[in-house]
Student: 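What follows is a structure written as structure tokens; I'll ask about it next.
Note that this is a predicted model, so its numbers are computed, not measured.
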Amino acid sequence: MPRRSDSADGSPLSRTGRLPRFTASARWAHHATALLAGVCVFTAACLYISPLSQLVGRRPLVTLVHEWSGIALPVPVLVGMASRALRSDLRRLGRFAPHDRRWLRAAVRRTGTSDIPSGKFNAGQKLYASWTAGAGLVMVGTGLLLWFPELTSLSIRMGATFVHDWLALTIAVVLAGHIWKAAGDPGAREGMWRGTVSRTWANREHRLWRQEMDRHTDGDPLTDTPVDPRTEAGRKPRDGAGTPPS
């Protein structure tokens, strides 16, 4: 049975010129995690910055909110993993392909990454996701040591405090950079808020993913590996009726 075209199945792929990028579950997990992270950063600032602490007051309440928002930080992703689409996105984020290494080299050398094709996530996004996941786990672990000080010795608590405080500052800086990058990319913001992106943006920023979406089933969706162009030679795109377009 020939595969139905985009226009035949009424999907947004061709009818509106847009591509579906993130499902509702993935967007919910992102927004909930961002909200909890924001609460953690704000309450931490209230606890450590004296003028802000005096302005807000209620230190015991702020401490309680900080502790529980930190414990809840992994929950949105864990709940969202019930979604097959989110699990697929997480697998993509954890796998690097050769084009990702080229992207990183270009980013480090500041030679420009626009000409290097990317899958659904570029190498910078993959590194950011891996780093924040690891940092989040360290923050939860050190936070628990500080929450229950009677379980450890003084030297361990001092080490946990050092790691927790300086890593918190680093996370705040990285989050600010993430927000700054998102503010400068309307297409990325649109994909996270509306769930769809324009085909033009996808072709410019994530060309391999756009090609994968056009093929629907070709290629390896987990590794962002495109189909070998030699096997594509001579293959012409076909419309919904199975005939080459004029």
Student: Keeping the roles fixed (side chain from R199, backbone from R18), state whether a donor-acceptor pair exists under 3.5 Å.
Tutor: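 Here the side-chain-to-backbone pair does not exist.
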
Student: Any side-chain to backbone donor/acceptor pair from S53 onto C46? Under 3.5 Å, distance only.
Tutor: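 Present.
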
Student: Return the CD1 to CG distance between I116 and L208, rounded to the nearest 0.5 Å.
Tutor: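 Result: 11.0 Å between the selected atoms.
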
Student: Measure from the side-chain N and O atoms of Q54 to the backbone N and O of P51, and report whether any donor-acceptor pair falls under 3.5 Å.
Tutor: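 A pair under 3.5 Å: no.
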
Student: Nearest 0.5 Å, please: how far is CD1 in I171 from NE2 in H178?
Tutor: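 CD1 of I171 is found 13.5 Å from NE2 of H178.
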
Student: Just checking W131: does its CH2 atom have more than 12 heavy atoms from other residues, nucleotides or ligands closer to it than 6.0 angstrom?
Tutor: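 More than 12 within 6.0 Å, yes.
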
Student: Which pairs with one or both residues in residues 70-90 pass salt bridge (charged side-chain N to carboxylate O under 4.0 Å, His left out), sequence neighbours excluded?
Tutor: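 Sorted pair list: D89-K120.
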
Student: Is there a side-chain contact between E190 and W201 in this structure, where contact means two heavy atoms from C-beta onward sitting under 4.5 Å apart?
Tutor: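 With C-beta onward as the side chain, the pair stays apart.
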
Student: Should W28 and F22 count as side-chain neighbours, where that means a heavy-atom distance under 4.5 Å?
Tutor: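 Of all side-chain heavy-atom pairs linking F22 with W28, none is under 4.5 Å.
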
Student: Identify the two heavy atoms, one from H99 and one from S118, that lie closest to each other, and give their separation to 0.1 Å.
Tutor: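 Heavy atoms only, the tightest pair is CD2-CA, 4.1 Å.
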
Student: Going by side-chain heavy atoms closer than 4.5 Å, which hydrophobic residues are tied to L73, directly or by a chain of links?
Tutor: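 Members other than L73 - counting any ILVMFWY side chain reachable under 4.5 Å - are L36.
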
Student: Do the non-hydrogen side-chain atoms of F96 and L127 ever get within less than 4.5 Å of each other?
Tutor: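 F96 vs L127: side chains touch.
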
Student: Any idea how H66 and H164 line up, ring-wise: parallel (<30°), tilted (30 to 60°), or perpendicular (>60°)?
Tutor: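 Ring orientation of H66 relative to H164: perpendicular.
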
Student: Take T200 and S198 through the side chain to side chain donor-acceptor pair (under 3.5 Å) test and state the conclusion after the steps.
Tutor: CA-CA 5 Å; T200 301; S198 69; 4.9 Å; no

